[in-house]
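To start, the structure under review is shown below, and the notes come after it.
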2 protein chains.
Amino acid sequence: MTDRPRTRLFVDAPLSEGAAVPLEGGRAHYLRTVLRMQPGERVLAFNGRDGEWLAEVAQLGKSGGTLTALRRERDQTGEEGPWLLFAPLKGGRSDSVAEKATELGAAVLHPVFTRRTDVGRVNLERLAANAVEAAEQCERLSVPEVREACPLFKALEGWDPARVLFVAAESGQAMPAVSAVTAQRGRPAAWLLGPEGGFDRAELDGLLHLPFVVPVGLGPRVLRADTAAFAVLAVWQALAGDWTSQGGADSRPPFRDDRG
Amino acid sequence: MTDRPRTRLFVDAPLSEGAAVPLEGGRAHYLRTVLRMQPGERVLAFNGRDGEWLAEVAQLGKSGGTLTALRRERDQTGEEGPWLLFAPLKGGRSDSVAEKATELGAAVLHPVFTRRTDVGRVNLERLAANAVEAAEQCERLSVPEVREACPLFKALEGWDPARVLFVAAESGQAMPAVSAVTAQRGRPAAWLLGPEGGFDRAELDGLLHLPFVVPVGLGPRVLRADTAAFAVLAVWQALAGDWTSQGGADSRPPFRDDRG
């Protein structure tokens, strides 16, 4: 049996031995009234910079609380996940993309408006909240950066050409995913997923002229945009990311929830 | 421009030239009042056996309707997708698994109860409805078979040992997904995904003694069960299924929704 705490919290403050880590009101409220935590109980805390820390609840009140950092449990490691540029989706599907892209290791979540995107606004706070919650649950040491939504080609201005942009192109002519990813392995990567209506032809032509773009096909079925996002991130992680045997060592206990 | 109809319907009846294809009341209602279709308008119909047919609306009434099959647009092809055995999930996540597994080409959806499954019943009709809708949208020629929920080891009684069962094992010792899938390429496949709490240790030990089981690891992050289901199906299709360049020819127009 492990005594690893089940509660993991993403925090802003620096983490070092003995550091007091402030919790804002909503967080303190959750620990106090939902998890019914008491001072002295333990949690894990991470901030994306200082690794994962065992911490103790020092105080929980109505307007906030404090943790005390005790010792580092995991060192911060680089998490070189791919960026995800995606056309915002309706009906909670953007939230689900934020959740699952976080679990699948995306480093950046960037909503981009394409010509056929039929969602006018994006709730960035909700996207970010979904990403934080998913990062806490999936044992990541960081939370993906959520970028301000903008038009597609504005997002590509000043693009570092060293970073390949895989475009899920819904086209019989695009390269199969395995060939595309394998050929670009080792390069920093981003994926672009269009809206449910697909890319406009002129837009796709514009993309295909960019020297860092690689069009990728995703098989004979027409995937929903959210399905495609999950699929490409999984395929990338399996072939070029940290699901490979060369990936980071797995420090977890062998089973996630060992009540046996 | 293509004149391919945008509406695709899964039907039960045989499809052949001139065949009258009955539509039950709910379907007819949908075409009539939601899509506002009129007799003479065209749809595509498939039944999982006779390929995809161009069909014409013959009649739409309150208690049902009829299509007339005109000509075959695509031949039926074998769709040798993997089976998906999964512990049922809470809060609509099983429905989302049915939707996305259909898009990702699963041939069988089989809810199985594991020791830590905390969902007592499965609404098979809703699963099946999600699978039908996804099959219609994603241009599959078939709908996955939805099997009656049962305890995990009952589902494995009489298992054909020629079919590999990949078990998403949440374990640092399991094989990376790419190595596992590549080593078993060409074999009929199934994937088993446990519940959010993971497999019980005794259960996992029981699984690992079965000669057709291959445990697969999914990287250093702890994935939600639904995320894992989408991920493994995508990785399998990319490496061993019809996303490979050796897969079925893509008969679609190059873009899904060419309004340009």
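Quick note on labels: first sequence line is chain A, next is B, and so on, each numbered from 1. Being a predicted model, the structure only gives us computed values, none of them experimental.
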* Asked: For the residue pair A:Trp243 and B:Val235, what are the closest heavy atoms and their distance?
  -> CZ3-CG2, 4.3 Å
* Asked: What are the residues of residues 99-110 of chain A, in order of number, with any heavy atom under 4.5 angstrom from a heavy atom of chain B?
  -> A:Glu99, A:Lys100, A:Thr102, A:Glu103, A:Leu104, A:Gly105
* Asked: Is the CD atom of B:Glu80 crowded by more than 12 outside heavy atoms at less than 6.0 Å?
  -> no
* **Top contributor to chain B interface from A:Val232, A:Asp226, A:Leu233 [non-hydrogen pairs under 4.5 Å]** => A:Asp226
* Asked: Does atom OH of A:Tyr30 have more than 12 heavy-atom neighbours from other groups under 6.0 Å away?
  -> no
* Contacts of type salt bridge (Lys or Arg N to Asp or Glu O under 4.0 Å), residue B:Arg49, not counting sequence neighbours -> none
* Structure fact -> The interface call for A:Ala238 against chain B, heavy-atom contacts under 4.5 Å, is both
* What is the distance from atom CG of B:Leu223 to atom CZ of A:Phe230, rounded to the nearest 0.5 Å? -> 12.0 Å
* Kindly write out the residues that satisfy side-chain contact (heavy atoms from CB on, under 4.5 Å) with A:Thr182, not counting sequence neighbours, or none if the list is empty. => A:Val178, A:Arg185, A:Leu239
* Evaluate whether atom CZ of B:Arg126 has more than 12 neighbouring non-hydrogen atoms of other residues, nucleotides or ligands under 6.0 angstrom away. => no
* Sequence neighbours excluded - ring pair (Phe, Tyr, Trp, His ring centres under 6.0 Å) pairs with any residue from residues 77-98 of chain A -> A:Trp83-A:Trp159
